[in-house]
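Indexing begins at 1, ligand by ligand and atom by atom, following the structure's order. One is the number of the first residue; the rest follow in order along the sequence.
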Amino acid sequence: MDTDGRPKFQELPIQPRGIFWEDDFISPEHEQRLLSIFRNELEWADRPGRLSLHYGYSFDYKTFGVDPDIPYKEFPDWLKPLIPTTESRPPDQVCLQYYPPGAGIPPHADAHGAWDQLYALSMGAPAIMQFRKGEERVDVDLTPRSMMQMAGDARLHWTHGIKKRKTDTLPDGTVRVRADRWSITYRWVREGECECGNMDLCDVAQRRIGTEKEKRSLKELEAKVATQDPGACEVLNWYDRSAVEFPIVAGEHVVELGPDTSLTYPVQVICGGPETRDELVFHIFTPLQGTFLGFIALVEAALIVLREKSPSACEPQQAGGVWWKFEFPWHGPVKNLEDMVSMCRVTLEVHRDELVHDANTKFPKFSPALQFR
Ligand SMILES: O=C(O)CCC(=O)C(=O)O
Ligand SMILES: [Fe+2]
């Protein structure tokens, strides 16, 4: 691949096919200047784990395309020279991510329906990315200053992820300690539909077969939601495993899930208000129909974790106004529930009504106004 005169941008001779690579996309001096900007000039959320900042367009969950209502966020000056020039136009969405030691990203395939091309630039400390397909595992060392393009099989038919751990073991047995890593991922909106047909990984393929079931189950689910019995533990009973979609449920709060808005699932959580003081009502809304099966697994995994960590938290009478914080460092359809359970972070905060405001400030992501228009 040498479309713009950069002979170093070459496909790695490994499975999965489709990983194109360029070492030294930036110089060590350039990298140092960037790290200084990332460390000193950017505003990062104050919480542990992987953090993200977004540039360019935002994603609209209804159309699976660019959201015309969210203004385009110009690429900052430091970002402009880092844009790959191997595509015919600049990327539509760019995400800068910070991985402190121990942070990772669960195995996933970036949404096929929304995005076409995908590139990632690595900076700071190296980390091993694992590609997976069925039982196959392939480790790729994301060395600093390298630019990787995931195309073809690597993009569509294998998942990729970075284990959440503090060391990586190299092929020669050396144990390498993780340190701060930054990556920039670049995404181009897909024009047309993904036709890969991979039922495990493709949200388009899943949506196509899910649509029929959704229509059938929608009425029934609407009725269920209207008369639903409040209580967190009821959530699992709200859905019929064969049903694919919940109807839109009016709610007050939207929680961001996933590493960036492109891959974020909006979830509406209704907390006990004055009329439902001692009840916990937990509503889930996702217009991302194709990935909803994955989403159900996600919620299920979260609840398993939640029960294990604090069984009594599931008792509605103890709630009296509850803020649920679901943090899933995950996006894309779920294949492996075990991975999900080990990766998802669920925080349950119990508040009295008068503390709701505090919770809002503490977790600004709960505020729909801040996060989603
Ligand atoms: O950090 C990286 O290099 C890749 C992150 C990633 O897979 C993603 O954001 O989808
Ligand atoms: Fe990814």
Between Trp78 and Phe38, does a ring-ring contact (aromatic ring centres under 6.0 Å, His included) hold up when you go through it step by step? CA-CA 10 Å; Trp78 59 261; Phe38 300 162; 5.2 Å; yes
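- Distances from atom 6 (C) of ligand 1 to the heavy atoms of Ile105, Leu118, Leu121 put Ile105 nearest.
- For Met129, the closest heavy-atom approach to ligand 1 falls below 4.0 Å.
- A cation-pi geometry, defined here as NZ or CZ lying under 6.0 Å from the six-membered ring centre and within 45° of its normal, does not hold between Arg145 and Phe25.
- Numbered from 1 in the order shown, with element, the atoms of ligand 1 that lie under 4.0 Å from a heavy atom of Arg187 read 8 (C), 9 (O), 10 (O).
- Short contacts between ligand 1 and Arg181, defined as distances under 4.0 Å to a heavy atom of the residue, involve ligand atoms 1 (O), 2 (C), 3 (O).
- Glu136 and Gln15 share no donor-acceptor pair across their side chains, judged by distance under 3.5 Å alone.
- Using a 4.0 angstrom heavy-atom cutoff, Met150 does not count as in contact with ligand 1.
- Each of the following atoms of ligand 1 lies closer than 4.0 Å to a heavy atom of Tyr99: 1 (O), 2 (C), 4 (C), 5 (C).
- Take Thr143 and apply the side chain to side chain contact (heavy atoms under 4.5 Å, CB included) test, not counting sequence neighbours, and it matches Trp21, Asp23, Asp141, Ser146.
- Within ligand 1, the atoms closer than 4.0 Å to a non-hydrogen atom of Ser183 are 1 (O), 2 (C), 3 (O), numbered from 1 in the order shown.
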Kindly indicate, with the supporting measurements, whether the criterion side chain to side chain donor-acceptor pair (under 3.5 Å) is fulfilled by His160 and Asp110. CA-CA 9 Å; His160 57 274; Asp110 292 61; 3.0 Å; yes
Kindly indicate, with the supporting measurements, whether the criterion ring-ring contact (aromatic ring centres under 6.0 Å, His included) is fulfilled by Tyr57 and Tyr72. CA-CA 5 Å; Tyr57 287 107; Tyr72 179 88; 4.5 Å; yes
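- The NE2 atom of His160 and the OD1 atom of Asp110 meet at the Fe ion (ligand 2) at an angle of about 90°, given to 10°.
- On a distance-only criterion, His160 and ligand 1 share at least one N/O pair closer than 3.5 Å.
- Residues meeting the ring-ring contact (aromatic ring centres under 6.0 Å, His included) test with Trp188, sequence neighbours left out: Tyr119.
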